[in-house]
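Written out below as structure tokens is the structure these notes cover.
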Amino acid sequence: MLQNQTLSAIISSLRAFDLFSDTLDILIVSFVFYQLIQFARKSRAGQLVKGIALLILFYGFAVLLDLRTVTWVLNNVVTVAFTAAVVIFQPELRRALERMGQTTVWANRLFGNRRTDPSLRGVWQSAVVAICDAAEQLSDTRTGALMVLERRNNLDEIIRTGTPMHADVIPEMLGTIFYEGTPLHDGAVVIRDGVIVAAGCVLPLSNNLDMGKDMGTRHRAGLGMSENSDAIVVVVSEETGIISLAKNGVLIRRLDRQNLFNLLQEEVVPPEETEEDNESVLKKLLRKGGNAPHAKAE
């Protein structure tokens with residue numbers, strides 16, 4: 001009897017399942033939980049997340065076994081733990097909200113209000129080659145360098161901390177900027193759409209405690225920039241000449257020219273887009289809705 005009721009409930013739920021809204025609902029919830037798991041794994045307070053999860057597990061067992069006193073205690077502890085988590089995670093939460101506010105990728109995909117310039121791919125390809133050549137030359141001469149490649153997140157706030165300029169990305173220009181003794185050599189260069197838009201910029205420093213002692217302020221700034229935005233940061237060490245790349249809070253070290261080129265080619269050079277790729281998501285949905293077969297009148 002119980003099996004029949006369960007089977008009937010499952011069949012009833014499947015009949016009431018709406019392909020579009022319910023699928024979208026499941027995808028959104030799955031995405032949120034996935035992001036929360038990723039956030040917990042990358043956060044410095046990841047151990048605290050595990051502790052909160054363990055408290056919730058104990059709370060569930062206490063409710064299941066009807067342990068009233070334990071349930072009351074854990075109920076208050078869990079409430080305080082969630083409040084404490086918000087306070088402890090404040091820097092990470094603020095950083096996540098800032099990245100959401102800075103990026104326009106969702107609006108662009110939904111409404112299609114920005115079309116990719118076909119010439120931008122070629123400009124970025126030339127810039128990547130120049131960056132790799134410059135990084136190799138700076139590495140050979142043990143000249144420190146910090147190059148920030150803007151992607152979707154707007155870096156106007158970082159650009160305002162430096163000296164505005166509009167220059168082509170060529171090895172000679174980068175070599176001149178980072179030459180020791182020049183006014184701008186200590187800061188970072190910001191490259192937007194394959195063009196140098198500012199030099200001598202100040203970057204936020206990372207609080208990552210796992211960084212090696214052989215990495216100084218330049219590496220900490222590059223890592224901090226990648227933690228606060230989706231920018232790609234190329235770092236050349238002044239002490240060792242080692243070339244590194246920072247991306248999404250991860251520092252990839254000991255790169256040669258070819259490895260650096262492959263990474264930059266993959267991360268910053270726009271892919272070739274067709275007319276259908278440039279079409280907004282909203283337009284695609286409207287077009288599909290308009291092409292849907294109409295129900296025949298009875």
Side-chain angles (χ1 to χ4, degrees), residues 120-121 123-155 158-159 161-163 165-180 182 184-206 208 211-212 214-270:
L120 192 59
R121 176 178 170 82
V123 174
W124 265 120
Q125 285 177 328
S126 299
V128 165
V129 173
I131 291 168
C132 294
D133 290 341
E136 187 176 41
Q137 295 170 11
L138 294 168
S139 174
D140 292 339
T141 59
R142 301 288 180 88
T143 302
L146 197 54
M147 294 171 274
V148 180
L149 283 62
E150 184 188 68
R151 297 204 288 178
R152 291 183 295 271
N153 293 162
N154 187 286
L155 302 182
I158 300 298
I159 292 171
T161 65
T163 301
M165 57 190 306
H166 185 88
D168 294 334
V169 182
I170 56 176
E172 293 78 10
M173 176 61 70
L174 293 172
T176 301
I177 291 173
F178 292 114
Y179 183 76
E180 188 175 0
T182 59
L184 304 176
H185 82 281
D186 272 338
V189 159
V190 177
I191 300 173
R192 168 185 288 170
D193 293 339
V195 177
I196 300 174
V197 293
C201 299
V202 179
L203 305 185
L205 299 181
S206 173
N208 191 330
M211 293 184 65
D214 60 329
M215 291 182 284
T217 307
R218 189 173 279 109
H219 292 87
R220 195 170 291 278
L223 192 61
M225 188 72 254
S226 71
E227 290 172 348
N228 285 274
S229 71
D230 68 343
I232 300 295
V233 186
V234 178
V235 185
V236 180
S237 173
E238 184 176 355
E239 288 77 17
T240 63
I242 293 175
I243 302 173
S244 306
L245 182 142
K247 169 192 172 187
N248 295 333
V250 177
L251 193 65
I252 306 172
R253 303 196 67 200
R254 303 186 184 279
L255 298 173
D256 57 21
R257 187 194 182 283
Q258 187 58 48
N259 290 333
L260 179 63
F261 175 81
N262 293 339
L263 288 171
L264 294 181
Q265 185 79 10
E266 179 181 353
E267 296 294 341
V268 301
V269 176

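This is a predicted model, so every value here is computed, not measured. All values below were derived from every heavy atom in this structure, side-chain atoms included, with hydrogens, water molecules and symmetry-related copies excluded.
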If you define the side chain from C-beta out and look only at heavy atoms, does anything of [X] sit under 4.5 Å from [Y]?
X	Y	result
I177	M165	yes
I158	V190	yes
V234	C132	no
N208	E227	yes
R257	V129	yes
W124	I191	yes
V235	L223	no
V128	F261	yes

Q.
Do Q137 and D133 pair up side chain to side chain, a donor and an acceptor below 3.5 Å, judged on atom types alone?
A. no
If we ignore hydrogens and angles and just use 3.5 Å, is the side chain of [X] paired with the main-chain N or O of [Y] as donor and acceptor?
X	Y	value
T141	L138	yes
S206	G224	no
R220	L205	no
E150	L155	yes
S139	A135	no
T182	Y179	yes
R218	D186	no
R253	I243	no
T161	V202	yes

When rounded to the nearest 0.5 angstrom, what distance separates [atom1] in [X] from [atom2] in [Y]?
X	Y	atom1	atom2	answer
S126	D168	OG	CG	9.5 Å
H219	E238	NE2	CD	11.0 Å
L251	S244	CG	OG	4.5 Å
L149	D193	CG	CG	11.0 Å
L245	I252	CG	CD1	5.5 Å
L255	L263	CG	CG	6.0 Å

(Q) Please enumerate all residues that pass side-chain contact (heavy atoms from CB on, under 4.5 Å) together with E267, with sequence neighbours excluded. (A) R151, I232, K247
If you take all heavy atoms of [X] and [Y], which pair is closest and at what distance?
X	Y	answer
S226	V250	OG-N, 4.3 Å
V169	G194	CG2-O, 3.4 Å
A134	P171	CB-CA, 4.0 Å
G241	R142	N-CD, 3.5 Å
I196	L174	CD1-CD2, 3.8 Å

Q. Taking atom CG of N262 as the centre, does the number of heavy atoms from other residues, nucleotides or ligands within less than 6.0 Å exceed 12?
A. yes
Q. Quick check: are there more than 12 heavy atoms from other residues, nucleotides or ligands sitting under 6.0 Å from CD of E180?
A. no
(Q) Could you work out, with side chain to side chain donor-acceptor pair (under 3.5 Å) as the rule, every residue matching N259, not counting sequence neighbours? (A) D256
Q | Result of checking L203, V236, V189 against L146 for side chain to side chain contact (heavy atoms under 4.5 Å, CB included) | A | L203
